[in-house]
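Just so you know, these numbers come straight off a predicted model, no measurement behind them. Note that the numbering runs from 1 along the sequence shown for the chain.
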Amino acid sequence: MISIENISKSFGKQEVLKNISVRMNSNECIALIGPNGSGKTTLIKSILGMVPVVKGSIQIDNNSIKDNYQYRELIGYMPQIGRYPDNMNIGQVIRLMKDIRGNQSTIDETLIDDFNLREMYSKKMSTLSGGTRQKVSACIAFLFNPQILILDEPTAGLDPLSSEILKNKILVEKEKGKLIIITSHVLSELEDMITRVIYMQDGNIRIDASLNELLQQTGENKLGKIISKALN
């Protein structure tokens with residue numbers, strides 16, 4: 001579904017992505033992990049078109065993303081930190097997103113109900129806690145039933161119950177055969193969801209393998225230990 005061929009990206013003299021090639025397919029739940037500064041965020045922003053790709057190419061559904069904004073309708077994106085107009089309330093933000101997208105035939109408001117957000121629709125964004133902002137971001141990411149979900153530190157700031165609600169929703173979408181890409185520094189939260197691990201370091205992909213392959217190769221059952229042993 002996503003085909004990345006030989007992309008490189010530099011900011012000034014700093015090379016952030018170094019000739020990256022990778023394919024990500026439907027029916028996969030991928031952990032995109034690595035230390036800070038490894039290139040994960042730049043790779044995600046390149047897929048989203050937020051960082052222009054000069055070298056190499058990115059295709060989604062066999063179509064180049066260059067000069068093609070419509071592919072974004074296939075993607076639901078949950079940023080690590082969602083930024084919204086402070087003077088708007090939750091309900092207005094949700095309605096704004098629906099108006100921007102236009103086509104509402106496949107609206108999925110499951111998370112809005114599971115998080116009880118309707119009861120808070122009148123609350124201004126400027127008054128929300130970080131956890132409630134995360135809930136709004138999650139609801140928007142899933143709202144249009146996208147075929148690709150990119151979730152950047154999705155449980156950061158969520159209370160344990162809300163975190164479980166979100167993880168269960170991810171599992172539901174995984175069973176539908178969607179492509180799900182998750183970044184997280186809390187590796188233990190990923191173990192029950194992912195089918196594949198892509199580990200980045202210094203702008204390179206150091207590990208790209210299915211979770212089952214890594215389990216067999218390392219003999220470990222905890223993701224942190226699996227990564228450590230695979231790297232060594």
Side-chain angles (χ1 to χ4, degrees), residues 1-26 28-84 133-134 137 140-141 146-157 178-187 190 194-211 213-214 223-224 226-232:
M1 181 165 277
I2 299 178
S3 178
I4 297 170
E5 297 289 343
N6 305 116
I7 68 167
S8 297
K9 183 65 182 179
S10 297
F11 296 104
K13 294 182 179 179
Q14 184 180 6
E15 193 174 13
V16 182
L17 297 177
K18 303 174 182 178
N19 201 37
I20 296 290
S21 293
V22 65
R23 292 185 64 89
M24 305 178 189
N25 304 306
S26 301
E28 288 190 310
C29 187
I30 299 172
L32 179 62
I33 55 180
N36 291 332
S38 61
K40 305 186 304 295
T41 299
T42 302
L43 182 61
I44 287 174
K45 288 184 176 181
S46 297
I47 294 170
L48 295 170
M50 298 167 67
V51 170
V53 173
V54 178
K55 295 181 180 179
S57 65
I58 300 176
Q59 292 189 335
I60 294 182
D61 266 1
N62 298 315
N63 295 308
S64 173
I65 69 170
K66 187 176 181 179
D67 301 323
N68 170 27
Y69 67 90
Q70 290 181 322
Y71 79 93
R72 294 174 184 163
E73 294 183 0
L74 300 173
I75 300 174
Y77 172 53
M78 180 180 177
Q80 183 175 356
I81 300 175
R83 304 191 186 280
Y84 306 98
R133 280 176 172 263
Q134 281 290 90
S137 293
I140 291 172
Q147 294 304 302
I148 302 169
L149 286 157
I150 301 177
L151 312 175
D152 191 358
E153 299 285 348
T155 60
K178 297 184 178 183
L179 169 58
I180 304 172
I181 304 167
I182 307 174
T183 74
S184 178
H185 287 102
V186 185
L187 300 186
L190 301 175
I194 62 170
T195 60
R196 177 178 167 193
V197 174
I198 296 176
Y199 184 90
M200 296 188 67
Q201 188 172 12
D202 297 326
N204 296 296
I205 294 178
R206 292 284 308 279
I207 299 171
D208 183 1
S210 73
L211 183 60
E213 288 173 341
L214 291 171
L223 189 54
I226 288 171
I227 297 299
S228 179
K229 185 172 283 190
L231 288 172
N232 294 325

Measure the [atom1]-[atom2] distance between [X] and [Y] for me, rounded to the nearest 0.5 Å.
X      : Y      : atom1 : atom2 : answer
Gln59  : Asn68  : CD    : CG    : 10.5 Å
Leu48  : Tyr77  : CG    : OH    : 6.0 Å
Ile198 : Lys40  : CD1   : NZ    : 12.5 Å
Ile2   : Ser26  : CD1   : OG    : 9.0 Å
Ser3   : Arg23  : OG    : CZ    : 4.0 Å
Glu15  : Asn204 : CD    : CG    : 8.0 Å

Exercise. Is the number of heavy atoms from other residues, nucleotides or ligands under 6.0 Å of Lys55 NZ greater than 12?
Worked result: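 It does not: Lys55 NZ has 12 such atoms or fewer within range.
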Problem set entry | Phe11 CZ: over 12 foreign heavy atoms closer than 6.0 Å | yes
Heavy-atom closest contact ([X] atom, [Y] atom, distance):
X      : Y     : answer
Ser46  : Ile65 : O-CD1, 3.4 Å
Ile47  : Ile58 : N-CD1, 4.0 Å
Ile4   : Ile20 : CG2-O, 3.6 Å
Gln134 : Met78 : O-CE, 3.4 Å
Ser184 : Ile33 : O-CG2, 3.6 Å
Pro35  : Ser38 : O-OG, 2.9 Å

Does [X] reach the side chain of [Y], with side-chain heavy atoms less than 4.5 Å apart?
X      : Y      : value
Pro52  : Lys9   : yes
Val197 : Leu190 : no
Ile150 : Thr183 : no

Exercise. With no hydrogens and no angle check, do the side chains of Asn6 and Ser21 hold a donor and an acceptor under 3.5 Å apart?
Worked result: yes
Problem set entry | Donor-acceptor side-chain pairing of Tyr84 and Ser137 below 3.5 angstrom |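 Present: a donor and an acceptor within the cut-off.
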For this session: Kindly indicate, with the supporting measurements, whether the criterion side chain to side chain contact (heavy atoms under 4.5 Å, CB included) is fulfilled by Leu223 and Leu211.
Result: CA-CA 9 Å; Leu223 189 54; Leu211 183 60; 4.2 Å; yes
Exercise. Under the criterion side-chain contact (heavy atoms from CB on, under 4.5 Å), which of Asn19, Val54, Val16, Val53 is the partner of Ser8?
Worked result: Asn19
Problem set entry | Intermediate values then yes/no, side chain to side chain contact (heavy atoms under 4.5 Å, CB included), Met200 and Ile205 | CA-CA 4 Å; Met200 296 188 67; Ile205 294 178; 4.2 Å; yes
For this session: Apply the test side chain to side chain contact (heavy atoms under 4.5 Å, CB included) to residues Val51 and Thr41: give CA-CA distance (whole Å), side-chain angles for both, the deciding distance (0.1 Å), then the verdict.
Result: CA-CA 10 Å; Val51 170; Thr41 299; over 6 Å; no
For this session: For Gln201 and Gly34, indicate whether the former's side chain and the latter's backbone hold a donor-acceptor pair under 3.5 Å.
Result: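 Not a single qualifying donor-acceptor pair exists.
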Exercise. Any donor and acceptor pair, going by atom type alone, linking the side chain of Ser210 with main-chain N or O of Thr195 inside 3.5 Å?
Worked result: no
For this session: Test Leu231 against Tyr199 for side chain to side chain contact (heavy atoms under 4.5 Å, CB included), laying out the working first.
Result: CA-CA 9 Å; Leu231 288 172; Tyr199 184 90; 3.7 Å; yes
